[in-house]
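Side-chain atoms are counted along with the backbone in the values below, which use heavy atoms only and exclude waters and symmetry mates. So you know, we letter chains A, B, ... as the sequences are listed, proteins then strands, and number each from 1. Predicted, not measured: the structure shown is a model, and the values here were computed from it.
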Amino acid sequence: MQPDRNAMSDADFAAELRAWLEAVYPPHWRDPVLRLRGRDAEWWYARQWQDGWRAPAWPREHGGLGLSVEKLILYHRVTEDFGIARTLDHGVKQVGPILVQYGTEAQRAACLRPILEGTQTWCQGYSEPGAGSDLAALRTRAEREGDSFRVNGQKIWTTQAEESTHLYFLARTSAAPKKQMGISLFLVRRDAPGITVRPIRNLLGEREFYEVFFDDLLVPADAVVGAVDQGWTVAKALLGHERFAQGSPALARHTYRLLCAMAGPLGAFDDPAFADRIARLGCDLSDADALYAENCAGVASGADLGDSLPIAKLVAAELFQAMTECLQDLAAEARARPGCGVSAARIDEAARVYLMSRPYTIFGGTAEVQRNIMARSLLPLRD
Amino acid sequence: MAALSSDDRQMLVDSAETLLARAHNGARLRRLRDQGIAFDAGFWRLMGDAGWLGLRLPEAAGGSDLGAAAAVALAEVMGRHAVPDPYVAACHLPAVLLGDSDVGAALATGEIGVAVMEGEVPLRGPAEVAVGATVPGGEILLLADRGNGAEILLLRLAIAPELRADGGAGGRVSVTARDLAAADVLLAGSAALGLWQKARDEAALVTAGYLTGLARQALALSVEHLLQREQFGQKLAQFQVLQHRVVDLRIGVRLAEAALGAALAAPEDRMRLHAAKARASAVASATTRQAVQLHGALGFTDEAAIGLYLKLAMHHAQAFGSEAAHRTAHARLSREARNAA
Ligand SMILES: Cc1cc2nc3c(=O)[nH]c(=O)nc-3n(C[C@H](O)[C@H](O)[C@H](O)COP(=O)(O)OP(=O)(O)OC[C@H]3O[C@@H](n4cnc5c(N)ncnc54)[C@H](O)[C@@H]3O)c2cc1C
């Protein structure tokens, strides 16, 4: 059992979390742009578990910290301010909450504890070559054969597929009149016979996402989460989980600090064009912060937030990108002015952050698709 | 100052909605403009009777001392209804400067409005001065330096009305050396400068509320239009490019609301204030421009309501500091904070 920290005062809670991070977190990982993977990520998950700081949002009866919303918000704030690296951690963020809501006793027993311990890690097989934004167009088939399903098809963009021990994926289990019907959600070991993966190099030169091929993969029927053919509902339910945190402008703030640090030695604050741009970004950050704070307060008080959560998510992603664009332009200045006091490492960091920010308007629902969804409620058309 | 509970706020908003629905509409606005009426004394009186003009005044002056939050709530409703009357320029701003003087008491009832010199640099001698409103009684507040440091002065002078292309009404006053010498002193010294600044800050904040309410309504009018008008055999609202534009306008309005809330919650934080007015000015301008575009030719008519919103946005986006001015001020404070750290 991890300790129950809900009774602590906010100040004590924050101080204890902070002190723990100071004590155990490797200083060279204090970079919110970094993403841990493989052994590094596993080490960090295990450490969180040993020290009683794992799975903040999971209910206590399932081994999580069971934090109240207020404490959860604080948890995010402290870890962001500290500057911890990002982790995929689909086990904690996605699979655990799904199993708590839809899983069988056996599924929970097989997964929850190992996820907490950091020995079972998960990747997500949703997207396919023909099913991106239009996820329901997916064509991977799972056909019933006695007590099993036989799976054939292909996934793509599966992040960290190679090092993950497990995969959860969506496949079509029956032909249905509406394409969202007839889809099921499966859990499977990544090393099951019939699964092969192939890395795809991304713009940063990393091999972080993969193609996943299913060739006559056999999965037992009890690997389906929730009812057969109801996978769309199961997968959708997840989207609500800790969704407020996606609106945090932490990466934008981090990049704003980088660009202010570069602008100083370059004298860019005294350059009219840069000064105006930075001034604009400073105001944008202030307002994004204000919106995120309102959302956190609203989540905590149970208020109806309307469209404020998706707005904050879009704002945070697009502002992060705008920050990296300004940083990159400052880096160009720095490159053109040898001896200006900005190191080559800083200049290269700008390019990396610029690249790294690109997918923030692509994954988890593209910015355009999010606008489509928001437009539906803003402009209610009767069909 | 009394804190504004959410019930009080709702009551204020409801009563403002009721009164404005009854006593104000586009026809009134157009009539004032067409007849060159810079100050509608009858409507001003109504606002006084409703208690709006005393919101910011101390109880000793017949006010309710509810502070900026109440004024912002009220201004949002005024923006929503496209009310052209100079509530901020001729009531809220002077109320902060006047305190519990007799003039404050007359302001609270709606007997008079009070004009205030534009700008924050003290007047150093006779000059022609721009004021934010034309008030019939000619009560004017000036920031001046007559040789002994800054002073806030109260004068009574004829104001020449100035009707602008954006429909807003300001005024011009010739201040002579004799006028300056004869003026009443309300406050002197660094306290005068501080109060002047505080009053302008509050005016900017309340104006941000007005602009936010205005932008929200301009968006609602556009949504209504897109849902009703058909071209190419479908509703305009079915065109994705227009849907995305509406979403972007909604995002702007939401940010303006959040920025305003943050500024109200931290009255001492001038960075929040600058961010809020910069955002509100930008959002109201962009929303009304897009709204006109989304209305097509109808948007360019004097008859359609949306044009009134565009012009009021033009006027108030500039009042008490434009987007650029506040953004620059935000950047200056942000730089000072960084250097201090
Ligand atoms: C770094 C990264 C990691 C990822 N990790 C995973 C993972 O672990 N597991 C997983 O399953 N998936 C993952 N994805 C995939 C991600 O979910 C998809 O990229 C996303 O759903 C978009 O699909 P797509 O790439 O096929 O783009 P498309 O859907 O082909 O879109 C291309 C462009 O068209 C636009 N567009 C599409 N439809 C519309 C429409 N109706 N209206 C207007 N514009 C439209 C899009 O906005 C976009 O600009 C990852 C993606 C990235 C970039």
Side-chain angles (χ1 to χ4, degrees), chain A residues 247 249 256-257 260-261 263-264 268-270 272 274-298 301 303 305-316 318-319 367-383, chain B residues 219-220 222-227 234-266 269 271-280 282-283 323-335 337-339:
Chain A
Y256 182 69
R257 287 198 193 115
C260 285
F269 291 119
D270 301 313
F274 271 119
D276 184 58
R277 225 168 133 188
I278 298 170
R280 202 180 284 270
L281 291 170
C283 285
D284 288 347
L285 180 60
S286 170
D287 299 346
D289 253 336
L291 179 58
Y292 181 60
E294 261 189 23
N295 281 350
C296 287
S301 70
L305 291 174
D307 54 4
S308 291
L309 291 180
I311 288 178
K313 181 182 170 199
L314 260 181
V315 165
E318 291 178 352
L319 182 56
E368 290 76 20
V369 169
Q370 289 181 57
R371 282 182 167 81
N372 291 346
I373 294 170
M374 286 174 58
R376 255 176 251 153
S377 50
L378 281 171
L379 294 162
L381 288 159
R382 258 170 275 135
D383 311 289
Chain B
L219 176 56
S222 305
V223 162
E224 221 170 83
H225 182 72
L226 295 179
L227 285 171
Q234 49 183 327
K235 304 270 191 229
L236 294 181
Q238 283 169 277
F239 294 109
Q240 191 181 50
V241 67
L242 303 187
Q243 293 177 350
H244 284 203
R245 215 168 282 178
V246 164
V247 169
D248 286 336
L249 297 178
R250 165 68 190 144
I251 292 173
V253 168
R254 190 65 195 85
L255 284 172
E257 292 167 351
L260 188 60
L264 274 172
D269 184 348
M271 285 180 68
R272 289 291 190 189
L273 165 77
H274 291 311
K277 180 60 165 67
R279 176 70 55 185
V283 162
E323 180 202 352
H326 281 284
R327 199 165 64 216
T328 306
H330 183 274
R332 183 168 29 77
L333 293 182
S334 149
R335 197 173 173 184
R338 258 197 316 277
N339 290 343

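- For B:Arg327, the parts lying under 4.5 angstrom from a heavy atom of chain A are both the backbone and the side chain.
- Interatomic distance, B:Arg272 CZ to A:Asp287 CG, rounded to the nearest 0.5 Å: 7.5 Å.
- Counting heavy atoms from C-beta outward, B:Arg279 and A:Asp284 have side chains that approach closer than 4.5 Å.
- In terms of non-hydrogen atom pairs under 4.5 Å with chain A, the most contact-rich of B:Ala329, B:Ala282, B:Ala275 is B:Ala275.
- For chain A, the nearby part of B:Leu227 is the side chain; its heavy atoms alone come within less than 4.5 Å.
- Residues A:Asp270 and B:Arg335 are paired through a salt bridge, judged by an N-O separation under 4.0 Å between the basic side chain and the carboxylate.
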>> Please evaluate residues B:Gln240 and A:Asn372 with respect to the criterion side chain to side chain donor-acceptor pair (under 3.5 Å), reporting the C-alpha separation (whole Å), side-chain torsions for both, the decisive distance (0.1 Å), and the verdict.
In response: CA-CA 8 Å; B:Gln240 191 181 50; A:Asn372 291 346; 2.8 Å; yes
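- Between A:Arg371 and B:Asp248 there is a side-chain heavy-atom pair separated by less than 4.5 Å.
- Heavy-atom pairs under 4.5 Å with chain B peak, among A:Ala293, A:Cys260, A:Ala275, at A:Cys260.
- Counting heavy atoms from C-beta on, the side chains of B:His330 and A:Ser286 come closer than 4.5 Å.
- For the residue pair A:Ala290 and B:Ala262, the shortest heavy atom distance occurs at CB-CB, 3.6 Å.
- Contact of A:Gln370 with chain B is not made at all, since no heavy-atom distance falls under 4.5 Å.
- Side-chain atoms of B:Arg338 never come within 3.5 Å of backbone atoms of A:Arg257 as a donor-acceptor pair (strictly under, hydrogens ignored).
- One distance of note links CZ of B:Arg250 with CD1 of A:Ile311; it measures 4.5 Å at 0.5 Å rounding.
- Here the side chains of A:Cys283 and B:His274 are not in contact, with every heavy-atom distance at 4.5 Å or above.
- Neither the backbone nor the side chain of A:Ile278 comes within less than 4.5 Å of any heavy atom in chain B.
- Residue A:Leu314 holds its CG atom at 5.0 Å from CD1 of B:Ile251, rounded to the nearest 0.5 Å.
- Both the backbone and the side chain of A:Pro380 have a heavy atom closer than 4.5 Å to some heavy atom of chain B.
- Considering all non-hydrogen atoms of both residues, B:Val247 and A:Ala375 come closest at CG2-N, 3.7 Å.
- Proximity to chain A is limited to the side chain of B:Glu323, based on heavy atoms less than 4.5 angstrom apart.
- Here the OG atom belonging to A:Ser308 is positioned 7.5 Å from the CD atom belonging to B:Glu257, to the nearest 0.5 angstrom.
- Taking a cutoff of 4.0 Å between a charged side-chain nitrogen and a carboxylate oxygen, A:Asp307 and B:Arg254 do not qualify as a salt bridge.
- Interatomic distance, CG of A:Leu281 versus OG of B:Ser334, reported as 11.0 Å (0.5 Å rounding).
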